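Accompanying notes for the structure given below.
Values reported hereafter were calculated over all heavy atoms of this structure, with side chains retained and with hydrogens, waters and symmetry mates removed. When a residue number appears, it is its place in the shown sequence, counting from 1. Being a predicted model, the structure only gives us computed values, none of them experimental.
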Amino acid sequence: MSFDLGGVARLYNKLFTLPSSLTLLFVTIIAHFLIGVLIWLSHFSSPYLLSELASGGFWGLSVLLSPSLASLFVSAPIVREESGIWTLRRLLGLNLFALFFWSVPAIVGGFLRLLAPQALTGGVIVGVEVMLLLRIIVFKGVADLSVPRSVVAASTQPLLLVAALIFSGFLPASTTLFAEMAAVSVLPVSSGLVYLYVVDVAVKKRLGVGGLRLLYGFLAEWLSDYPHVLERTLSKIGCEEERPVLILKFASGSHLHFVLVVPTVHPGPFKTVGGSMMPHMVMDAVERRFHCVTGVAHGPSTHAQNPVSQSEVVKLIESVLSSLSSNEYVSGFPVSPLVYEEIGKVKVGCQIFGSLALFIVTLAPHSFDDLDPKLMDELSFSLTKDWKGNIFLIDAHNCNESGFDLEPIEPGTQVADEIIMAARGALKKAKKLTSCHVRVGGGRTQVRNAGVREGIGRGGVTAFLIDVEGFLSAYVIIDGNNMVPGLREKIIERVCSTGVQTAEVLTSDTHETNAVSLRLGGANPVGSSIDWNLVVDAALEAVSQAERSMVNVEPSFVVKKVHLKVIGEEQIRALSAVIQQAAKEAKRAIVVPALSLLLSIIPLFLLL
């Protein structure tokens with residue numbers, strides 16, 4: 001079950017992608033000028049001369065703009081929390097949006113004043129209601145503030161606007177006006193809160209956590225790189241699991257040269273939440289402690305195996321570091337080269353390290369995504385007669401052009417059956433080629449002028465060269481999330497032109513590169529946002545470093561069982577389903593605020 005990040009990404013980019021502060025300020029000034037002109041012309045019966053247009057524009061800038069800007073600095077201390085969602089730029093965007101909704105009934109009321117003298121006042125009051133309703137939904141819904149804070153923050157712009165209109169003489173300072181505004185303001189506030197409550201409960205019944213808190217946590221990370229709110233929410237719905245982690249090390253005596261770590265833990269869900277930065281965090285921790293080149297490959301896992309927080313990744317790291325200092329490793333002799341078997345769309349590589357049969361699965365150049373962890377269990381069972389030792393899978397995760405639309409490969413499917421058949425064939429080839437003479441080298445480099453926005457994580461590009469009796473096998477691991485079709489083949493072609501017999505290009509599936517680009521709805525596969533030649537050059541440089549560092553080594557391995565709190569299979573299904581359910585409830589419940597506005601408008605115009 002995949003998590004529909006793409007749909008969420010597109011939604012919130014529409015809602016919260018704003019122009020620069022200067023551009024937004026310029027648009028705000030122009031909008032207030034134009035709204036001032038329209039209201040002025042609707043209110044005064046003078047000929048529509050250029051001087052009247054200028055007067056209306058000046059009135060808009062002096063009377064309407066002042067409360068809009070003042071409310072920024074009044075509401076900012078109320079809504080700003082540690083997550084920093086509500087910057088002045090976003091508050092300015094909200095104020096502009098709210099003013100537009102206020103201006104529509106105000107302008108209509110102005111033009112209707114010839115039929116009903118008090119229509120303009122009524123239109124202004126209705127606009128204030130709409131403004132208040134919009135702001136209460138946004139502040140309570142987005143920031144999940146307490147009700148009192150939400151009401152106070154939502155009231156700043158409409159109260160300051162009314163004060164400016166009264167002070168300028170546009171509205172009469174009468175007790176009747178104040179009473180009418182107080183009376184009709186109750187409905188939008190209460191209906192807005194009821195509307196949000198309905199949506200919140202729809203999520204809470206299914207997940208056990210409120211939908212508003214989930215939304216707030218998502219936005220805090222999406223907009224402000226603040227993962228803690230969402231991580232605390234995910235921790236409440238997560239479950240404990242025991243996840244196997246392969247640690248393959250290459251050493252000379254007590255000196256550790258190179259390490260390959262393959263967790264069956266998914267590096268998600270996105271940006272910096274949970275395990276999204278896990279590959280870099282693991283390799284960085286190992287390299288700091290042991291001063292060796294370290295690569296992290298993607299084991300079979302889906303979003304159900306996302307750690308609920310970065311603290312769970314720390315548990316994984318501590319387990320890996322502890323293991324590397326222990327004597328629990330099994331000899332990795334004899335070693336085979338990396339050999340492949342291809343069946344249908346599937347290519348499976350196999351390399352033997354003692355009693356470990358390590359398989360690499362790819363469907364490139366066909367798009368695919370995660371491997372379900374149950375597939376590794378199915379493979380182990382199917383190869384019981386062929387192999388008595390350990391079996392471990394690496395998901396190459398190296399071809400996807402469709403963003404988030406792919407489902408994990410599960411046991412029982414045609415592709416899964418082809419993977420098992422190809423693995424059996426590759427294992428048969430590898431068993432004939434083992435040797436105890438092995439040299440290994442490793443290298444790491446960064447892609448020039450590239451970062452997360454270009455689809456390259458902080459881990460850069462890591463390469464391992466394994467020489468078995470002169471047969472060179474290369475592993476190139478890019479710290480990225482999948483790869484556009486064709487790039488893998490181009491890298492392999494260039495690497496093999498250096499004398500390497502077999503090569504594979506993997507990605508770590510890091511999710512720190514997700515949700516930073518509008519491409520593919522938030523997906524950012526390697527090669528979609530960067531010149532391919534830069535990636536190829538980095539891969540060649542890493543392989544070159546590996547060639548220069550080659551030494552005779554003793555391989556050994558261990559499969560650690562690490563207890564982590566992950567989102568879980570049932571919870572990820574519920575989370576995906578509840579997003580859709582909450583959207584349906586939101587559409588149905590919109591009748592509540594709409595009806596409240598109607599109920600307040602009817603008696604208001606009867607009184608005018």
Side-chain angles (χ1 to χ4, degrees), residues 1-16 79 81 83 85-86 133-147 149-150 154 189-224 226-239 266 268-271 273-274 276 302-309 404 514-515 521-522 565-594:
M1 174 65 67
S2 62
F3 182 69
D4 186 20
L5 179 61
V8 180
R10 287 186 289 271
L11 172 62
Y12 290 108
N13 271 310
K14 290 177 182 178
L15 289 178
F16 289 95
V79 300
E81 287 190 332
S83 63
I85 287 179
W86 287 111
L133 175 62
L134 171 68
R135 289 172 64 88
I136 196 76
I137 290 176
V138 170
F139 281 130
K140 178 61 181 169
V142 171
D144 196 23
L145 302 176
S146 65
V147 171
R149 287 180 68 189
S150 300
V189 171
S190 57
S191 65
L193 295 175
V194 168
Y195 172 74
L196 293 172
Y197 175 78
V198 170
V199 178
D200 193 54
V201 168
V203 177
K204 196 167 188 176
K205 283 181 180 178
R206 186 75 181 268
L207 286 179
V209 294
L212 296 184
R213 196 66 183 171
L214 197 62
L215 170 62
Y216 171 42
F218 179 88
L219 291 176
E221 168 62 12
W222 185 276
L223 299 173
S224 304
Y226 189 81
H228 309 297
V229 177
L230 185 55
E231 288 185 344
R232 286 194 291 267
T233 304
L234 293 176
S235 295
K236 294 178 180 178
I237 67 174
C239 62
H266 194 266
F270 72 104
K271 292 192 80 173
V273 176
S276 299
T302 69
H303 277 282
Q305 285 75 49
N306 284 334
V308 296
S309 67
F404 295 101
N514 283 22
K565 195 169 192 178
V566 298
I567 294 179
E569 200 75 45
E570 292 183 8
Q571 290 86 342
I572 198 69
R573 285 194 177 96
L575 187 58
S576 297
V578 85
I579 291 173
Q580 300 174 24
Q581 182 184 347
K584 291 179 182 177
E585 291 293 337
K587 291 178 181 178
R588 293 194 193 110
I590 197 68
V591 69
V592 175

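- For the pair Y195/I136, no side-chain contact is recorded, criterion being any heavy-atom separation below 4.5 Å from C-beta on.
- Panel note: side chain N514, backbone F270; no donor-acceptor pair is recorded below 3.5 Å.
- The two residues V203 and G210 make their nearest non-hydrogen contact at CG1-C, 4.3 Å.
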Intermediate values then yes/no, side chain to side chain contact (heavy atoms under 4.5 Å, CB included), V273 and Y226: CA-CA 8 Å; V273 176; Y226 189 81; over 6 Å; no
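- Here the NE2 atom belonging to H266 is positioned 9.0 Å from the OG atom belonging to S276, to the nearest 0.5 angstrom.
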Can you list the steps and then say if V566 with N306 is a side chain to side chain contact (heavy atoms under 4.5 Å, CB included)? CA-CA 5 Å; V566 298; N306 284 334; 5.9 Å; no
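- Taking SG from C239 and CD1 from I567, the interatomic distance works out to 9.5 Å, rounded to the nearest 0.5 Å.
- Although no hydrogens or angles enter the test, the distance criterion places a donor-acceptor pair under 3.5 Å between the side chain of Q571 and the main chain of I237.
- Taking CG of L234 as the reference point, atom OG of S309 lies at 9.0 Å (rounded to 0.5 Å).
- Closest heavy-atom contact between S191 and L133: OG-CD1, 3.9 Å.
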Pair L193, K140 - check side chain to side chain contact (heavy atoms under 4.5 Å, CB included), show working. CA-CA 8 Å; L193 295 175; K140 178 61 181 169; 4.2 Å; yes
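- The shortest heavy-atom contact between P269 and H303 is O-CE1, 3.9 Å.
- A donor-acceptor pair under 3.5 Å is formed between the side chain of E231 and the backbone N or O of G274.
- Environment of NZ in K565: crowded, with over 12 heavy atoms of neighbouring residues, nucleotides or ligands closer than 6.0 Å.
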